[in-house]
Amino acid sequence: MQKFTTLRSIAAPFARDHVDTDMIIPKQFLTTVSRKGLGAGLFYDLRYDDKGAWNSSLLLDKKVYKGAAILVVGDNFGCGSSREHAPWALLDAGYRCLIGAGFADIFYNNCFKNGMLPIVLPKQQVGQLMQAAEAVAYMTVDLPQQTVSVEGTQQVFSFDIDETRKRALLEGLDDIAMTLKEEDSIRAFEERDRTQRPWLWASP
Amino acid sequence: MAKTLFDKVWDSHVVTSLGDGVDLLYIDKHLVHEVTSPQAFSGLRENGRGVRRADATLAVCDHAVPTRRQGRAHIADEQARLQVAALAQNCRDFSITHFGIDDVRQGIVHVIGPEQGLTQPGMTIVCGDSHTSTHGAFGALAFGIGTSEVEHVLSTQTLRQKRPQSMRISVNGRLAEHVTAKDMILAIIGTIGTAGGTGYVIEYSGDAVHALSMSGRMSMCNMSIEAGARAGLIAVDDATIQWLKGRPLAPSKEHWQQAVHHWQSYVSDDDAHFHKEVTLQAERIEPQVTWGTSPQDVTHVGGFVPDPKQEEDPARRQSMEQALTYMGLLPKTKIVDIAIDHVFIGSCTNGRLEDLRAASTVIKGRKVKDGLKAMVVPGSGLVKQEAEREGLDQIFKEAGFEWREAGCSMCLAMNDDRLNPRERCASTSNRNFEGRQGRFGRTHLLSPQMAAAAAVTGHITDVRELL
């Protein structure tokens, strides 16, 4: 997994609340067997018309936001389907950090698995960052210090993050490799379980 | 210390604590489908890892499969065909049991788990699908995961999880006749909102919940995710245990008593603490219908499309306006005046036998309104088989419904069952998001009975007027 330490980038705004993962990446892109290339389907229904022609009125598609790696989002972003294609699509389109007042649980989890940082801040602070993004600004996300700052202003906001998640991002750790180190505990659990719930271990 | 049902399941599955509130949780059962698993299997291969417990894993193709019989032998959509084939190959390579497209046991992953008796009380169950919450109806902790976590479970049979908080939603009293579990959960989502359950596991309790059949309980737990909760669950009672008796994957005779005794402990202790409590009165719940593009945009059948002008919160007002524009609805329109083009009966929310029976009682002896398209997609091959044995297929077909093969179908429209732009659908599924049932398609969520009533009249109708 790619490490995440600090990130300086133009921040793109996407103010809509309750953006679901169907909207982030519609179903027709889900038949892929790869994690790559999903950026082409990002926000597809909002960007293309009935006939598949580009017709985006999204603010984030303005030229000034080209290359943005930070996306400031509305409340409850990523609700709905568990499809990890949603963070894959965002990542493929260059976004590595999302800032919002609240994310849906599964989506939030999925981001961390892909070296992406979803930052939760109080609504009022997200509102200020959204304004800054709409006015076009560089922001710096500092994961070790747990801060977001807006360049050229005094705005610096601190955010919370679980220690374990922070470490995994900073070191680019592979969850599975870490869990495999717990093999002894897993085996001990299974041995206990065989006696406590034998019906789950009976061969069919 | 007094424990909630959720605490009991969680605590009994902690392999070890990883610090910072994160536990390594043992996963009893892992359900796998074609759409969210290929990248996980590739990950295993790239890292030279295997599947730890193929015996605790069950795979089925459901999301992308066609539901027309003639389309199933050779799937026309090349990508979907490759994906379905990849699942079969991955299951062969890793020795995982797989219900293929021509297996009568094939169906929607959340219908077949309980149907086979795989879903049992006190279990942890995961699947790369947000509606895994369905299995919570059995007093199991069941939740959706992303593909990276699918790979993690395949490889380790565990997940690294932060413990969520617990919420209890009690529905007291008795539901009125023809008001269903679907109406109850839609009313709950309308009350707490689509992010109301974020960070929580919901336990549904109260007389009205325990009066539900297992099928109704599944409909409720299914839509926990639409309330923002990863999981919803219901305490074990006699109905839970009766359901399991004799199912193919239920414990054998030799272990049955021991299992039942174990299962019966999966209820919340009387004085258990919940971080949040919500109470609803069943008698006040009317048949529900959504009008917007989020499941929280819901009202009762006697109601009206709301007027955004009367909304004080500017953000909410804007999202209501957006929703009404998308839905092609004017403020203050009577819900029963909404004309529809399409009816879809099926999905992991309402694609079980009981749902089809309920819809058929409304349809029997009636006809689908001229010009309206209507389809029934049974939740599994076995549901279809049993429905046909009861003659339900004849009732639907004679009325003008299409009678299809099992799959997720128009709930998410990954196959060729989808709405045309601006077509309006009365649907028993779970999501009315923009484009969910087809690009620019418009979805109204409701119960199977209400969907059936709409099919007959051509507009949203209070089913009680037809019965």
Side-chain angles (χ1 to χ4, degrees), chain A residues 15-18 20-23 26-28 30-35 45-46 50 74-76 79-85 87-88 102-107 109-110 113-114 162-165 174-180 182-183 185-186 188-190 193 196-204, chain B residues 15-16 18-22 24 26 28 35-36 38-39 42 47 49 63-64 77 79-80 82-83 86 128-130 144-149 151-152 155-158 160 162 164 194-195 198-199 225 228 230 251-252 255 258-259 262 294 315 319 412-414 421 431 433-436 439-440:
Chain A
R16 195 166 169 152
D17 289 338
H18 304 298
D20 56 76
T21 54
D22 276 81
M23 192 178 279
K27 62 213 125 244
Q28 65 268 33
L30 303 190
T31 47
T32 178
V33 294
S34 163
R35 292 175 199 242
D45 285 0
L46 301 175
D50 278 29
D75 204 8
N76 195 29
C79 61
S81 156
S82 63
R83 59 188 71 164
E84 199 164 316
H85 308 69
W88 293 338
F103 295 89
D105 287 337
I106 302 177
F107 177 82
N109 259 320
N110 285 342
K113 309 291 179 193
N114 293 282
D162 292 347
E163 262 319 302
T164 43
R165 282 185 164 136
D174 170 6
D175 268 1
I176 298 178
M178 288 198 293
T179 298
L180 289 171
E182 306 290 340
E183 173 63 22
S185 309
I186 300 173
F189 179 95
E190 289 177 338
D193 199 47
Q196 286 169 356
R197 296 185 300 170
W199 60 92
L200 291 184
W201 295 87
S203 47
Chain B
V15 170
T16 182
L18 301 167
D20 199 27
V22 177
L24 187 65
Y26 197 82
D28 291 324
V35 177
T36 58
Q39 295 87 349
S42 311
N47 293 289
R49 290 168 180 153
H63 280 62
D77 180 330
Q79 290 255 66
L82 290 173
Q83 207 174 44
D129 188 282
S130 61
I145 57 178
T147 299
S148 296
E149 289 183 312
E151 185 178 338
H152 193 282
S155 178
T156 69
Q157 204 58 31
T158 64
R160 310 168 80 89
K162 192 161 180 137
T194 185
T198 304
I225 187 71
R230 267 180 106 174
S252 64
H255 292 300
Q258 190 187 359
H262 175 80
S294 162
S319 90
L412 87 166
M414 263 196 79
R431 288 186 176 137
F433 297 155
E434 287 188 14
R436 172 78 178 180
R439 225 174 154 212
F440 305 119

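Heavy-atom basis, side chains included; hydrogens, waters and symmetry copies ignored. Proteins come first, then strands; the chains are lettered A, B, ... in the order of their sequence lines, and each starts at number 1.
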**Asked** For B/Ala64, which residues count as a side-chain contact (heavy atoms from CB on, under 4.5 Å) partner, sequence neighbours excluded?
**Response** B/Glu34, B/Ala80, B/Gln83, B/Met414
**Request:** Kindly write out the residues that satisfy side-chain contact (heavy atoms from CB on, under 4.5 Å) with A/Asp22, not counting sequence neighbours, or none if the list is empty.
**Result:** A/Asp20, A/Lys27, A/Ser81, A/Arg83, B/Phe433, B/Arg436
**Request:** Among the options A/Asp17, A/Asn76, A/Asp45, pick out the one with the most heavy-atom pairs lying under 4.5 Å from chain B.
**Result:** A/Asp45
**Message:** Is it the case that the side chain of B/Glu434 and the backbone of A/Met23 share a donor-acceptor pair, with hydrogens and angles ignored and the cut-off at 3.5 Å?
**Reply:** no
**Request:** Show your reasoning for whether side-chain contact (heavy atoms from CB on, under 4.5 Å) applies to A/Asn109 and B/Arg230.
**Result:** CA-CA 11 Å; A/Asn109 259 320; B/Arg230 267 180 106 174; 2.9 Å; yes
Proximal component of [X], with respect to chain A [non-hydrogen, under 4.5 Å]:
X	result
B/Thr198	both
B/Val35	both
B/Ser252	neither
B/Ser319	neither

**Prompt:** Are A/Thr179 and B/His152 linked by a side-chain donor-acceptor pair shorter than 3.5 Å?
**Reply:** yes
**Asked** Looking only at heavy atoms, what is the nearest atom pair of A/His85 and B/Gln39, with distance?
**Response** NE2-NE2, 4.0 Å
**Message:** For A/Leu180 versus B/Ser155, what's the shortest heavy-atom pair and its separation?
**Reply:** CD2-OG, 4.1 Å
**Asked** Angle class for the B/Tyr26/A/Phe189 ring planes (parallel below 30°, perpendicular above 60°, tilted otherwise)?
**Response** parallel
**Prompt:** Can you tell me how far the CD atom of B/Gln157 sits from the CD1 atom of A/Ile186, to the nearest 0.5 Å?
**Reply:** 9.0 Å
**Prompt:** Roughly how far, to the nearest 0.5 Å, is CG of A/Asp175 from CZ of B/Arg160?
**Reply:** 5.5 Å
**Message:** Between B/Arg439 and A/Asp50 (salt bridge meaning N to carboxylate O under 4.0 Å), is one present in this structure?
**Reply:** no
